[in-house]
Amino acid sequence: MKLRTIWMCFLLIPVLLSAKDTFAFHASSTIDSLFNLIGQYDKGMGSVSVYKNGRKIYGRYYGYSSLEDSVQIDASTLFRIGSVSKTFTATLIFKLIEEGRLKLSDPLSKWFPLFGNARTITLQHLLTHQSGLYNFTNDAAYLSWNTGEHTREALLAKLIRYPNVFMPGTTTEYSNTNYVLLTWIAEMASGESYAHLLKRMVTDPLQLKQTFSSQPSGVVVASSYTRFKEWKKESATHESIPLGAGALLSTPDDLNLFIQGLFSGKIIGESSLKKMTTITPETMMGMGFLKAPFYERSAFGHTGGIDGFQSRLFYFPDDSVSVAITSNAVVYPLNDIMIAILSKLFGVPYLLPVFKEEVMLPEAELAKFTGTYSGPGLPIKLKVFIRDGILNAQGTGQPEFPLTSTAPTVFTFEKGGIVLEFLPAKKQLVLKQMGARFVMNKED
């Protein structure tokens with residue numbers, strides 16, 4: 001059970017039996033009501049837009065880019081988009097392939113021979129997360145150095161130290177290391193900086209005015225926040241680390257213009273796009289793309305998460321429709337916002353959520369739930385503890401997360417879709433997530 005992935009958050013959209021085959025979007029009432037509820041109950045902040053055939057058909061901004069200065073989010077607010085950056089990076093790689101500077105079969109050893117299996121790892125393996133290179137953001141020590149600036153040499157020295165996880169091409173395992181290396185390979189093959197490649201190949205041709213590989217001088221980017229009892233400002237990963245794996249800045253409007261332009265042939269050719277969107281069925285991954293189902297429809301895109309930021313960008317080719325969401329503070333899951341928007345887009349019944357008021361419990365009551373829990377069917381133990389008057393939980397090898405009480409023995413981590421129901425008399429808790437239910441026993 002993975003509760004958090006740096007730079008990426010997987011999209012889970014229901015696959016049901018059928019849906020109306022008509023396109024209609026009457027979002028102004030229902031979707032606006034959803035954002036009003038999110039604001040009323042302080043469930044998140046961000047920006048969203050919907051495009052069809054290159055034209056904006058809906059937009060909404062909610063919350064603040066800076067709580068400290070009471071600056072509200074608007075159309076110009078820049079967000080860090082995390083792993084949605086990978087779609088841009090894969091696009092640049094395919095553009096360089098079209099220019100004859102790269103080939104999918106090029107070995108990693110051509111640029112970085114000191115990595116394990118460098119002779120057999122190809123660009124295609126990097127693009128599809130089949131390289132076997134360890135995902136360096138999974139290292140427990142990562143959060144002790146991610147806020148400091150790193151030169152290429154310093155970061156490369158860290159990446160080379162990790163052992164390979166599997167032989168190239170034998171399986172798929174998501175790794176940010178792949179796209180950091182692709183960033184450098186694009187620069188070395190072209191003789192241009194990543195920023196210049198992005199400008200020449202994407203932002204200038206599509207006239208994207210608010211998409212950058214790093215923060216421009218004098219331009220303010222939204223701060224990000226994590227909710228405990230109150231919103232807490234997150235520390236920022238230095239842009240010299242995620243690079244083309246997760247460092248890009250953008251807005252929902254620019255993201256929609258990018259993916260609409262990409263699928264309409266304004267950046268790369270049809271053959272290149274077909275390769276990018278060729279999906280491995282077991283993983284639903286392509287090259288810089290994920291495939292996500294919504295009833296009988298399918299979308300291509302990516303998700304992202306870095307620090308307190310989360311993002312979503314998905315395009316439905318059969319309908320020429322795209323949806324982009326950027327957020328700097330998440331409690332109510334972006335998946336649920338996406339499902340609400342898509343339901344209204346495609347005529348699927350949708351009910352607004354009912355938010356429950358938080359139940360405030362004294363520490364003496366919270367103490368009854370603390371301890372370490374384990375159970376059959378789960379590969380982890382769950383530690384429950386009190387920090388600063390708040391009940392928290394932490395799975396083995398995972399970041400801790402705060403719990404909100406919605407009843408005297410029921411707690412939620414809404415952003416992760418987790419519900420914990422404690423049974424103190426039985427020394428048990430029931431963990432519910434994504435439709436699964438696990439009974440865990442308290443260890444003595």
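Values reported hereafter were calculated over all heavy atoms of this structure, with side chains retained and with hydrogens, waters and symmetry mates removed.
- Remark: D388 CG is loosely packed, at most 12 non-hydrogen atoms of other residues, nucleotides or ligands lying under 6.0 Å away.
- Relative ring orientation between Y225 and W231 is described as perpendicular, the plane-to-plane angle rising above 60° on a 0-90° scale split at 30° and 60°.
- Take F438 and apply the ring-ring contact (aromatic ring centres under 6.0 Å, His included) test, not counting sequence neighbours, and it matches no residue.
- R387 and E400 are joined by a salt bridge, as a carboxylate oxygen and a charged side-chain nitrogen come within less than 4.0 angstrom of each other.
- Looking at residues two or more places apart in sequence or on another chain, you find a salt bridge (Lys or Arg N to Asp or Glu O under 4.0 Å) between R200 and E99, E192.
- Under a 3.5 Å cut-off, the side chain of T172 and the backbone N or O of H129 do not form any donor-acceptor pair.
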Intermediate values then yes/no, side-chain contact (heavy atoms from CB on, under 4.5 Å), L382 and L420: CA-CA 11 Å; L382 194 66; L420 298 181; 4.1 Å; yes

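- Taking the six-membered ring for Trp and thresholds of 30 and 60 degrees, F112 and W184 have ring planes inclined between 30 and 60 degrees apart.
- Using a distance-only test at 3.5 Å, with no hydrogens or angles considered, no donor-acceptor pair links the side chain of K291 to the main chain of G286.
- For the residue pair T251 and D253, no side-chain donor N or O sits within less than 3.5 Å of a side-chain acceptor on the partner.
- Of all heavy-atom pairs spanning A324 and P252, the tightest one is CB-O, 3.5 Å.
- Taken to the nearest 0.5 Å, the CG atom of L313 stands 5.5 Å off from the CG atom of L255.
- Partners of Q215 according to the side-chain hydrogen bond (donor to acceptor under 3.5 Å, both in side chains) rule, which considers only residues two or more places apart in sequence or in another chain, do not exist here.
- Taking T396 as the reference, nothing meets the side-chain hydrogen bond (donor to acceptor under 3.5 Å, both in side chains) condition, with sequence neighbours excluded.
- A 4.5 Å side-chain heavy-atom check between L403 and F401 finds at least one atom pair inside the cut-off.
- Within a 6.0 Å radius of NZ in K356, other residues, nucleotides and ligands contribute 12 heavy atoms or fewer.
- Counting only distance, with no hydrogens or angles, the side chain of E149 and the backbone of H238 share no donor-acceptor pair below 3.5 Å.
- With a 4.5 Å cut-off on side-chain heavy atoms, E414 and T404 do not count as touching.
- Judged purely by distance below 3.5 Å, without hydrogens or angles, the side chains of N256 and S49 pair a donor atom with an acceptor atom.
- Below 30°, between 30° and 60°, or above 60°: for Y373 and F422 the angle between ring planes is above 60°, a perpendicular geometry.
- Taking the centre of each ring, F88 and F258 come in below the 6.0 Å mark.
- If you take CD1 on I121 and CG on N178, they are separated by 8.0 Å, rounding to the nearest 0.5 Å.
- Here the closest non-hydrogen pair linking S65 and T77 is CB-CG2, 3.8 Å.
- Side chains of K95 and V202 form no contact here, defined as non-hydrogen atoms less than 4.5 Å apart.
- A distance of 11.0 Å separates OH in Y350 from CG in L342, rounded to the nearest 0.5 Å.
- Side chains of T89 and Y194: a donor on one and an acceptor on the other come within 3.5 Å.
- Within the 3.5 Å criterion, the main-chain N or O of V71 finds no donor-acceptor partner in the side chain of D69.
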Residue pair H150, W145: steps toward the side-chain contact (heavy atoms from CB on, under 4.5 Å) verdict: CA-CA 9 Å; H150 282 63; W145 55 264; 3.4 Å; yes

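- Residues R437 and V430 have side chains in contact (heavy-atom distance under 4.5 Å, counting atoms from C-beta outward).
- F314 has its ring centre no less than 6.0 Å from the ring centre of F294.
- Between D318 and R297 there is no salt bridge, since none of the side-chain N atoms of the basic residue sits less than 4.0 Å from a carboxylate O of the acidic one.
- If you check the side chains of Y58 and D32, you find a donor sitting under 3.5 Å from an acceptor.
- Note on R80 versus E234: no salt bridge recorded, every NZ/NE/NH1/NH2 to OD/OE distance being 4.0 Å or above.
- Closest non-hydrogen pair, Y332 versus P353, comes out as OH-CG, 3.6 Å.
- For Q207, the CD atom is loosely surrounded, since the number of other residues' heavy atoms within 6.0 Å does not exceed 12.
- For Y41, the ring-ring contact (aromatic ring centres under 6.0 Å, His included) criterion is met by F355, not counting sequence neighbours.
- Using a 3.5 Å distance cut-off with no hydrogens or angles, the side chains of S85 and Y179 do not pair a donor with an acceptor.
- Between T151 and E153 the shortest side-chain heavy-atom distance falls below 4.5 Å.
- Listed by chain and residue number, nothing satisfies the salt bridge (Lys or Arg N to Asp or Glu O under 4.0 Å) test with E98 (two or more places apart in sequence, or in another chain).
- Pairing each heavy atom of V180 with each of P242, the nearest pair is CG2-O, 3.8 Å.
- Listed here is the closest heavy atom pair of V165 and L133: CG2-C, 4.4 Å.
- The closest donor-acceptor contact from the side chain of T87 to the backbone of G288 lies under 3.5 Å.
- Between the CD1 atom in I241 and the OG1 atom in T147 there is a gap of 7.5 Å [rounded to 0.5 Å].
- Side chain of S298 to backbone of A292: no donor-acceptor contact under 3.5 angstrom is found.
- Sparse packing is recorded around CD of E230, with 12 or fewer heavy atoms of other residues, nucleotides or ligands lying under 6.0 Å away.
- Of the possible donor and acceptor atoms, one in the side chain of D307 sits under 3.5 Å from a partner among the backbone N and O of T237.
- Side-chain N or O atoms of Y134 include one that pairs as donor or acceptor with a backbone N or O of D139 at under 3.5 Å.
- Side chain of S322 to backbone of Q260: no donor-acceptor contact under 3.5 angstrom is found.
- To the nearest 0.5 Å, atoms CG (L361) and CG (L391) are separated by 9.0 Å.
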Stepwise side-chain contact (heavy atoms from CB on, under 4.5 Å) check, L262 with F289: CA-CA 12 Å; L262 180 60; F289 276 119; 3.6 Å; yes

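- Here the NZ atom belonging to K86 is positioned 10.5 Å from the CD1 atom belonging to I81, to the nearest 0.5 angstrom.
- The shortest heavy-atom contact between G308 and S224 is N-OG, 3.2 Å.
- Within a 6.0 Å radius of CZ in F212, other residues, nucleotides and ligands contribute more than 12 heavy atoms.
- For the pair L345/V321, a side-chain contact is recorded, criterion being any heavy-atom separation below 4.5 Å from C-beta on.
- A 4.5 Å side-chain heavy-atom check between S131 and L126 finds at least one atom pair inside the cut-off.
- In terms of modelled atom types and a separation under 3.5 Å, the side chain of T280 and the main chain of T283 share no donor-acceptor contact.
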Check against side-chain contact (heavy atoms from CB on, under 4.5 Å), S83 and N176: CA-CA 8 Å; S83 282; N176 288 300; 3.9 Å; yes

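- Contact check for I306 versus F79: no side-chain heavy atoms found under the 4.5 Å cut-off.
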